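Worksheet: one structure, shown below.
Please read all numbers here as calculations on a predicted model, not as lab measurements.
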Amino acid sequence: MFHNSKGISDFDLRNAISSNRLLGLWRLMRGYQWDYIFATLMQGLSAYSKTATYLLLSYFVDHYVLASTGKYPVWLIALAFVAAAAFQGFFTFVSGRSAARTAEGTIERLRNYLYDHLQHLPFAYHAETDTGELIQRCTSDVDALRRFYNDQAIGVGRIVLLFVVNFAALLQLNVKLALYSVVAVPIIVVTSVYFFKKVSAAYESYQEQDAVLSTTLQENLSGVRVVKAFARQPHEIEKFERTNWEKYLRGKKLLTIHSLFWPISDTICGFQMLAGFMLGALMAMRGEITVGNYLAYAGLVVWIIFPLRGLGRLIVEMSNGLVSYDRVFKIIKEIREPLDDGSYQPKADIRGEIVFERVNFEYTQQEQVLHDISFKIEAGKVVALLGSTGSGKTTLVNLLPRFYDYTSGKILLDGHELNTFSRRYLRKHIGIVEQEPFLFSRSIRDNITYGVGRDVPQEEVEQAAKMAAIHDVILGFPEGYRTLVGERGVTVSGGQKQRLAIARTLLKNPCILILDDSTSSVDTETEAQIRAAMQSLMKDRTTFIIAHRIQSIMNADLILVMEDGRIIQHGTHQSLLKESGVYKQIYDIQTRIETELEEELSKIGRAHV
C-alpha cells in the first residue's frame, strides 16, 4: 500500500489481525521473518561459542593444569579461546544487526500504515475519537511494539537457544547434575505466567490513563487562548493534576507488580544456583566428576539460570507489547472509508441541481438528527440555512460530500442518487469553508494552495486572496505570502484566518460551495467586503450558506429555517417576512439591535464633537 525500505508495498496490515496475539505479531513481521530467524540462529551460534569456551576450559584444566596429558600445544589452546571469543562477538553483532533491521523495518511500515489508515477512516470515527488517544496509540504503543521486536522477541529466541545449548553441554558433562540444575524451571515459568497476567491488566490501565493525560494536555494547548481569556488557568491546572495523579497511582501499581517479580525470581534462581554449586562440589570431591568438569559446570549453569531469570523478565515485559498490539490493531480493525465506491461517473462536470426527498439521518438508532427534509435547489442558485445551534444545519450540508450517508429518503444531484457518486469525486467538486477553519504550520501561500493538487501561479493565488478580501492584509505581513502561520493560525486574527480559508476554497474553484457560518469571525464591514467579493464566485455555482445574521442570507434564492432537525419555514427573504414565524422574529430582533447600536454610536460621536 506504500513503499518502504524493504520494497514491500502490497501488504495490508489488516492481514496481520489475529485473536492469537503472538500469531498476529508474527504476521506483522511479514517480509522480515527471515531476518528474525537469521538473527535468532546467529544468537544460537553465539551461545554455542560461549559454551565451547567452558568446554575448552574443562579440557584445559583436566589435561594441562592437573595433568600433562594434553595432545595439542598450549598456544593452540590459547588460540582456540581467542577464536571462541571472536566468534561469539561476531555472531552477536550480526544477530543484533538483523534484529534491528527486523524491528525498525517492521515498525517503520506500521507507522506509515497507521498514518495512511487514519487518513482514510470515516469522518464519524474522527468525530468520536479523542485526538490524544490516537496520538498515544500511534506513538507510545507503537514504540512498545518496537521494543518488543528489538528486545523481547529476539531475547526469547536467544534465551531458549542458550538454555538448549548449555543444557545439552551439561548433559554431556553429567546427566544427574544437568537434571538437578533445571529443577527451578517449572517454578520460574509458572511465576512468570502469573505475573504476566497481572502486568498485562496493569499496563493496559496505565496506557489508557496516559492517553487521557495526553488528551487533556492536547486540549489545553489547542484552547490556550480560551483558557487565558476566561482566566481558567487554576481550573485547568487542577484538572491536569487530578488526571496526572491517577496516572501516578496506576503507574505505581504497575511498578509494584514488577518490583514483586524480581525478588521472587532472584530468590528462586539464587537457591537453584547455590544447590547446583553444592551438588557439583560434592560430586567433584567424591570423584564423580573432574575438577575441570566442575569449573565448566559452574560457568554453564550460570548461563542456564540467568537466561532463565531473563526469560521470566521477558515474559512479564512481553505483556506490554501484547497490550500495545491490541491497542494499535483496534485502530487497524476500523473499516476504511471507501472513497471510490460510486457506481456513477459523470462524463462532464456536475451542474449542481440538488433535490432532497424526505431525507432522514441518525448518528445512532437513538439519536435521529434530521427528520423528513425535502427541498429543491436549481443549479447555480443559493440556499441559506438559518437556525439555532444544534438545529441540524451543519449535519445537513455534511451529507453532500458524504461525510455521512443519509439513513432514508433520497438526495439527487443532477438527477442521480447522491450515493452513486464516489466520495472522492464529490469532495473534489465541493468546496467547504468550515465554521472553525484550520491553518497548517506553513506559509500563507501553502495554506491557500493546499488541496488544489496542481502548481498554482502566484497570480491565481493573489486573485483568490483579493476575492476573499485578504490580499492587502497579506502584503502587510513582513514576508507577504511567504509569512509562516502557527498551529491553527495563531499568528493571524480570527477574521484573517477565516478569509484565508475562503481564499483556499476559492482557488479550488468548486462546482458546489458550502459556507458553514464562514463570516462568523469577521466584523460587519469585512463581512460586507467578503460578500461583495464572492458574488462573482457564487454565480453559476450552487451555494449553501449557513449563517446567523439574516443580513448575510437576504439575497439567497431559498432560505430554510431549521429547528430540531426539521424545516419549519422555507422561502425567500421577502416571502418569509410576510409570515409570522421564527424568521420574522429573528429579523426583527437583529434589526432592532443594529438600530439601537447605530443610535448609541451616533450619540457617542456627537458627544465628542
Side-chain angles (χ1 to χ4, degrees), residues 2 111-112 114-116 118-119 123 126 130-132 134-136 138-139 214-230 232-233 236 427-428 430-510 513-523 525-527 529-530 533-534 537:
F2 46 83
R111 288 197 191 101
N112 288 339
L114 270 176
Y115 189 82
D116 177 80
L118 286 171
Q119 308 306 307
F123 188 84
H126 291 285
D130 290 334
T131 303
L134 292 177
I135 292 174
Q136 177 72 12
C138 293
T139 53
S214 297
T215 299
T216 302
L217 180 61
Q218 182 261 333
E219 289 178 347
N220 180 270
L221 294 177
S222 298
V224 64
R225 286 189 289 183
V226 176
V227 173
K228 290 182 178 294
F230 286 88
R232 295 287 286 172
Q233 291 94 330
E236 292 297 323
R427 293 168 193 178
K428 180 180 178 181
I430 296 176
I432 304 174
V433 179
E434 299 284 355
Q435 187 175 4
E436 298 180 5
F438 183 91
L439 297 183
F440 295 90
S441 298
R442 303 175 185 176
S443 69
I444 290 176
R445 188 186 193 283
D446 288 342
N447 272 282
I448 293 177
T449 59
Y450 183 82
V452 177
R454 58 182 175 87
D455 292 332
V456 184
Q458 183 64 22
E459 294 76 16
E460 279 191 54
V461 177
E462 294 181 5
Q463 180 62 29
K466 289 176 182 177
M467 295 180 70
I470 191 66
H471 175 69
D472 293 337
V473 175
I474 295 174
L475 294 182
F477 290 135
E479 297 184 49
Y481 282 85
R482 288 194 280 183
T483 302
L484 296 177
V485 294
E487 185 181 14
R488 290 188 177 272
V490 294
T491 58
V492 296
S493 70
Q496 292 166 349
K497 182 166 60 174
Q498 193 72 267
R499 282 178 280 170
L500 285 172
I502 291 173
R504 179 164 61 197
T505 306
L506 294 173
L507 194 61
K508 186 180 178 181
N509 195 24
L513 192 63
I514 297 175
L515 307 177
D516 189 354
D517 209 9
S518 56
T519 56
S520 61
S521 299
V522 300
D523 53 48
E525 181 180 355
T526 304
E527 180 184 5
Q529 294 174 355
I530 295 175
M534 292 183 65
L537 172 75

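In this structure Y115 satisfies the ring pair (Phe, Tyr, Trp, His ring centres under 6.0 Å) test with no other residue, sequence neighbours excluded.
Looking at every heavy atom in both residues, A464 comes nearest to A503 through CB-O, 3.7 Å. Minimum heavy-atom separation, P437 to K497: O-CD, 3.9 Å. Across F440 and N447, no two heavy atoms sit closer than the pair N-OD1, 2.7 Å. Residues I448 and Y481 approach most closely at CD1-CE2, 4.1 Å, considering heavy atoms.
Annotation: side chain of Q498 is in contact with side chain of V433 (closest heavy-atom distance under 4.5 Å). Put simply, the side chain of L114 reaches to within 4.5 Å of the side chain of C138, judged on heavy atoms. Between L500 and I474, some side-chain heavy-atom pair lies under the 4.5 Å cut-off. Inter-residue side-chain proximity for R499 and Q496 is flagged as met; some heavy-atom pair is nearer than 4.5 Å. Looking only at side-chain heavy atoms (C-beta outward), T215 and T131 stay at 4.5 Å or farther from each other.
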Step by step, work out the side-chain contact (heavy atoms from CB on, under 4.5 Å) result for L439 and R504.
CA-CA 10 Å; L439 297 183; R504 179 164 61 197; 4.2 Å; yes
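Atom OG1 in T139 sits 10.0 Å away from atom CG in L134 (nearest 0.5 Å). To the nearest 0.5 Å, the span separating CD1 on I470 from CG on L506 amounts to 12.0 Å.
Between the side chain of K508 and the main chain of I430, a donor-acceptor pair closer than 3.5 Å is present.
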Could you list the donor-acceptor pairs under 3.5 angstrom formed between side-chain atoms of residues 449-457 and any protein atom two or more places apart in sequence or on another chain?
unit_1 : atom_1 : unit_2 : atom_2 : d
T449   : OG1    : R445   : O      : 3.0
T449   : OG1    : D446   : O      : 3.4
R454   : NH1    : E460   : OE2    : 3.4
R454   : NH2    : E460   : OE1    : 2.9

